[in-house]
*Asks:* 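I am attaching a structure below and will ask some questions about it afterwards.
Residue numbers begin at 1 in each chain, while the letters A, B, ... track the order of the sequences.
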Amino acid sequence: MFTKILIANRGEIALRIIRTCNEMGIKSVAVYSDVDRKSPFVYSAFEAYPLGGKTSQESYLNWQKIIDIAKKCGAEAIHPGYGFMSENADFAEAVEKAGLVFIGPKADSIRIMGNKTAARKLMIKNNVPTVPGTEDAITDHAAAQKIAREIGYPVLVKAAAGGGGKGMRLVKEDKDFVQSVESAAREAKAAFNDEAVYIEKFVEEPRHIEFQILADAFGNVVHLGERECSVQRRHQKVIEEAPSSLLDNKLRTRMGEAAVNAAKACKYQNAGTIEFLVDKNKNFYFLEMNTRLQVEHPVTELVTGIDLVEEQLYIASGSALRIKDSFNSFNGHAFECRLYAEDAENNWVPSPGIIEYLNAAKGPGVREDSGVTKGSEISLYYDPMISKLCVWAADRHHALNRMLRALREYEISGIKTSIPFLIKVFEHKDFRAGNFTTKFIEEHQSELLGEDKALAEIASLAAILAQIEEQKKIKVISGNSHNNTISSNWKTTHRIRQLRT
Amino acid sequence: MFTKILIANRGEIALRIIRTCNEMGIKSVAVYSDVDRKSPFVYSAFEAYPLGGKTSQESYLNWQKIIDIAKKCGAEAIHPGYGFMSENADFAEAVEKAGLVFIGPKADSIRIMGNKTAARKLMIKNNVPTVPGTEDAITDHAAAQKIAREIGYPVLVKAAAGGGGKGMRLVKEDKDFVQSVESAAREAKAAFNDEAVYIEKFVEEPRHIEFQILADAFGNVVHLGERECSVQRRHQKVIEEAPSSLLDNKLRTRMGEAAVNAAKACKYQNAGTIEFLVDKNKNFYFLEMNTRLQVEHPVTELVTGIDLVEEQLYIASGSALRIKDSFNSFNGHAFECRLYAEDAENNWVPSPGIIEYLNAAKGPGVREDSGVTKGSEISLYYDPMISKLCVWAADRHHALNRMLRALREYEISGIKTSIPFLIKVFEHKDFRAGNFTTKFIEEHQSELLGEDKALAEIASLAAILAQIEEQKKIKVISGNSHNNTISSNWKTTHRIRQLRT
Amino acid sequence: MKIFANTRTRQFEYELKQENGNGFLFKDDQPVDAQFVALGNGRYSLIKDNQSYIINVSKKDDTYSVRVAGEHFDVKVEDERTRQVKALVNAASTVQGEKTIKAPIPGLVVKILAQEGENIKAENGLLILEAMKMENIIKAPFDCEVLKFEVSEKDTVTQNQVLLRIKGL
Amino acid sequence: MKIFANTRTRQFEYELKQENGNGFLFKDDQPVDAQFVALGNGRYSLIKDNQSYIINVSKKDDTYSVRVAGEHFDVKVEDERTRQVKALVNAASTVQGEKTIKAPIPGLVVKILAQEGENIKAENGLLILEAMKMENIIKAPFDCEVLKFEVSEKDTVTQNQVLLRIKGL
């Protein structure tokens, strides 16, 4: 096993990896941009080295510097996290050339699965079902439009090198095509330095269901079951759960086999994820493979009891898989909410700023993987995801209610977050019933936004009392509270919503 | 199921119960002393009513007022938590007489199991092994001393109505007997309004292993396996775990059967715990029954997936047990650390004060049940336990390392806590090997205290830099840090201890 | 004195009566039964009609940002006097022929899509704003002439900062 | 200038050199490679020799209470000057025939076990102090006469508060 590893990432995922290192007695090395000097992942690491700069390009995408630091500080391996260089085959190769271990798959696997068209061809060859669309990446926008017209709208435009919704556009009408492709290409160029895109058919009533796999250097591959990530906004996952409320054991077995075949087809090693779309007739299609640890890996950890980062480290250090069998049953049910610094009620604008107070939800069944703390500044330089709030409970019903409890309990001020929006999703009858697709947010937007009247009244009263308190001129005396008696007017209707589960 | 319940308790356990209420859509009612007005359990409850006063006698032990509030606010049941009136049969009876449900056993069961001598007789009659000692409670101290001499020292003096270490004394020599009995009786009088004590033989190389049981109104009883609570100081539990590293399946089955028999013998209902001592030859003796939810119930929840408070509510509302079979195997391993406001390095003095900053451990496998937050004042009026930090992992080895990670990660300032001491316990080779008794702390005290030299040096440097920063006259420039280069002197020996697992 | 609290979509009206330095709050002529206890760090424990709430308050400019039970409200508090002064000020201002386009979000100007002096049709792009790695196209609200860009490509802008001036056609 | 930091059991010595308003810290004549960045709330990120620590500092009287890696240290910081002043003061003070017994913990005086004027043998109880529901007997450190109790039963006392005065026999 390694004695020291460098983490080429930031935020919650860097801290997540540091925690496993601490538990395994491995020294963790953080690298950080100027903006991140005060971040929890920097002060939680065993060692920390500055990369300088503010933008990703200047810091977390600065390969050579990162590899130099790793070599000089005596790290034996580099963990790329997700995003940044995690799916960059050239980086993986450079790491290996420098005599270090890349904690992830071999460059060839990244390369083929990172190229959507090559991956698609490989899947077709290996009998893994795929969505109709272009075989090759396209840089000629006029040619792309021609193909889009042939497949028929709506189509998806996707960055060939992309992931995580960046450089992705849904095009419903021909007139929007050119602008969408240009914008997607520009985003792709900025994020991945590759402007090629490809076009595919948009699947009807799709649900996003993905399989976690683990593979070692000896050809052993297992899957750890599925995660459902259908609740998305602008192709960004918002809520994930395991297991899926859609799958029965038969479908799980078939999809699990396809996932294992996909991983074997590209000679995969380490942890990876096969993403599928499942349509309204329970047909499933290979969407893409994420050749790295996923943001949403904690829900799998919660229902399998496996520490995926620990398994990654064992595999990367040359061990054979310690898990011998694929998972077709799970312990309980888990949800993850991504907490974004954004204001859903104000057209989802980003909400940068200083976190003035933070008191996370705690107690039974709550797990938080956060990258911030009280006093942290949320900047515009990086992803707006500040934390992942997860719950575990014995079944989906209890997990839904536990997440509602945790979201309501979570105190944060100074910035706005997606929590109020997430609460409305967890209250929504269709989501609770497991009756939803990737279009859930789009279709129910109006029900998922808006002010609760009773709570608005409480907030208004609080604001008035806070202002009076601030002015320090008057002490407001309660109509009743100093009598130590019980209020005569029982306004219990007030907070029905807060208790609805 | 109930629609509203009152919680006749404070601190972390009140909040624990509120959380389950919130998840079940049950309205929770908090009652609070003047000292607790700003406590998390008060502002987390659905409703909150003042009891007035500061001492327990004036507030949480003020039965009539609590029952009055419960009736007036429309609560259907009262949850007593642990401590205070949770094992007071007269209170349970008064609650029932007021037409409310007491969330716990019937008064008769509390009465017989709360009277150590009656409980002992009942156990002997039902073939549950017991420790040699007095059959009856004693108020005549001279007579008590006579019996102690007959049994032979060391003996334990215990409050007949007691629990949780209050009113308990270990007497090693005859000359200390009278003072110990008087002191124990005084504590017992103050805490339980009953000064009777009893005397028993002190078991050799004892380990404290207890079984969680659940019983319904229809005579169904199951056990949920054991918790080991051998790490104690002054008879107060400090660390608990499930399962025990001592038990094999054979012993677990025998003890589990004895536990179920003990519960049946007293016609028990609701959640309860049968405490046993296991001696060096794996003989086990009934110690006492705790007729309430235990402080350490979370470790059982973590390895069984059961929400014990939810089960308590189902049983109290008249449902038959939803769990049909006793647990003889568990999912992974769990530890609980009780975090006390005390300074182990300074003779364990209490450390009251304001919590200036608090950032609890988070991430994979960490559960915290805390009764405080940043800004909370730890007073001298109540128990010094401020929080329970729990971890779950796939096995004991991983759980040990995860707890070490969590304890080191836990930021708290303004008061001193037992964390540094707990770290040393989790580092100790005998504890790690599962090789310990209830005398562990006493026997290893010197190894479990003392300053780590490398960290003392870091702390000293930090104090100097903090003082210079405070004076704002000089800006200290690092010998190296502004070069963005890697330090040439690799002092990695420095923090070996921090990584030892 | 009347006090008004406005959330994004609602207004609540209270009456504050003063006596011997103490204040008494009324709503619909009924005394308000509310204990409001500061916990520090912008936190308050509110017990209203015996119901208990933890409230987080953060003030930005003249807006109270209030978190309660997981929900989030921006509340503007005004008393009668401030409201009257404001009404006078508003009456004095006149409508301009020009319109400014403000940044709806803080972000980075990645591309300017129009020229000064150019006529742009409604819904066509004026400028691309990137925030947290997502691009947002700022479109013309109606057919208009671009008068002046107040920002350049690569500029970082704050929310509500003026991006450009246009004139309706 | 020399600076001394004392934990309960150890002393560390540093040298602070000043130049143009900047300070340079040395230990054993080597420059200290340490970045110390305030995060607010008494928190600091210390990176020393590239090793990273989160530090919580809380000051009480003249003691810095420092948490690092789960450990807890009470550190007293003194520079050469203060140390010299202190030495002078200490030299001036003389040993008293009387001794005070101070409260080792904060708590409640539940019972006074001796009378003023009474002679008490070493290890016998003088007073019972209760804190957080546990009783602690304060015993005579040596054979002594009780001169005066400075507290009464039911009094709440702080740590280091004088409980009584005794005189050795």
Side-chain angles (χ1 to χ4, degrees), chain B residues 3-7 10 14-15 17-19 21-23 25-52 65-66 68-75 353-359 370-378 413-414, chain C residues 3 5 7 10 12 14 16-60 63-77 132-133 154 156:
Chain B
T3 60
K4 186 189 277 193
I5 71 166
L6 182 143
I7 300 156
R10 64 179 298 282
L15 184 53
I17 297 162
I18 290 167
R19 283 177 166 139
C21 288
N22 285 346
E23 293 177 13
I26 295 170
K27 290 172 187 161
S28 55
V29 180
V31 290
Y32 58 93
S33 70
D34 289 348
V35 179
D36 279 333
R37 172 64 185 88
K38 299 181 181 181
S39 291
F41 81 92
V42 175
Y43 61 67
S44 301
F46 190 84
E47 293 176 14
Y49 297 90
L51 291 168
K65 190 157 196 177
I66 291 172
D68 280 355
I69 291 171
K71 289 189 73 171
K72 283 189 191 145
C73 78
I354 305 269
I355 297 178
E356 294 173 15
Y357 184 77
L358 180 60
N359 190 14
S370 174
V372 299
T373 184
K374 179 177 180 330
S376 291
E377 181 172 357
I378 309 306
S413 69
Chain C
I3 303 184
T7 65
R10 286 187 178 82
F12 299 92
Y14 288 82
L16 178 66
K17 295 181 184 170
Q18 294 185 44
E19 205 175 299
N20 304 328
N22 288 330
F24 299 87
L25 215 50
F26 289 78
K27 186 163 193 296
D28 305 329
D29 297 326
Q30 297 295 313
V32 174
D33 174 15
Q35 259 194 29
F36 193 66
V37 176
L39 308 180
N41 293 285
R43 304 170 79 218
Y44 297 91
S45 166
L46 170 66
I47 300 184
K48 177 173 185 287
D49 300 321
N50 301 118
Q51 296 192 11
S52 186
Y53 305 86
I54 176 78
I55 311 250
N56 301 83
V57 178
S58 151
K59 197 180 177 185
K60 271 177 197 145
T63 302
Y64 288 88
S65 195
V66 181
R67 190 211 71 94
V68 53
E71 303 285 329
H72 199 107
F73 300 91
D74 281 338
V75 189
K76 279 185 208 285
V77 179
M132 289 164 173
K133 303 288 157 201
K154 310 280 173 204
T156 302

*Asks:* For chain B, which of C:I55, C:N41, C:V37, C:I54 has the most heavy-atom pairs under 4.5 Å?
*Replies:*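 Greatest number of close heavy-atom pairs with chain B: C:I54.
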*Asks:* Taking B:S44's backbone N and O only, do any of them form a donor-acceptor pair with C:S52's side chain (distance below 3.5 Å, no angle check)?
*Replies:*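 Answer holds: no.
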*Asks:* B:V42 versus chain C, heavy atoms under 4.5 Å apart: side chain, backbone, both or neither?
*Replies:*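 Both backbone and side chain.
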*Asks:* Do B:T373 and C:R43 come close enough that some side-chain heavy atom pair is under 4.5 Å?
*Replies:*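 Yes, close enough: below the 4.5 Å cut-off.
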*Asks:* Quick check on B:S376 against chain C: is it the side chain, the backbone, both or neither that has a heavy atom closer than 4.5 Å?
*Replies:*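 Neither part.
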*Asks:* Taking atom NZ as the centre, does C:K154 end up with more than 12 heavy-atom neighbours from other residues, nucleotides or ligands that are less than 6.0 angstrom away?
*Replies:*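 Counting neighbours around NZ of C:K154, 12 or fewer heavy atoms of other residues, nucleotides or ligands fall under 6.0 Å, so no.
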*Asks:* Distance check, rounded to the nearest 0.5 Å: C:I47 atom CD1 versus B:Y32 atom OH?
*Replies:*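 Taking CD1 in C:I47 and OH in B:Y32, the distance rounds to 3.5 Å.
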*Asks:* Picking from B:K374, B:R37, B:K38, what satisfies side chain to side chain contact (heavy atoms under 4.5 Å, CB included) with C:L39?
*Replies:*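 For C:L39, the side chain to side chain contact (heavy atoms under 4.5 Å, CB included) check succeeds only for B:K38.
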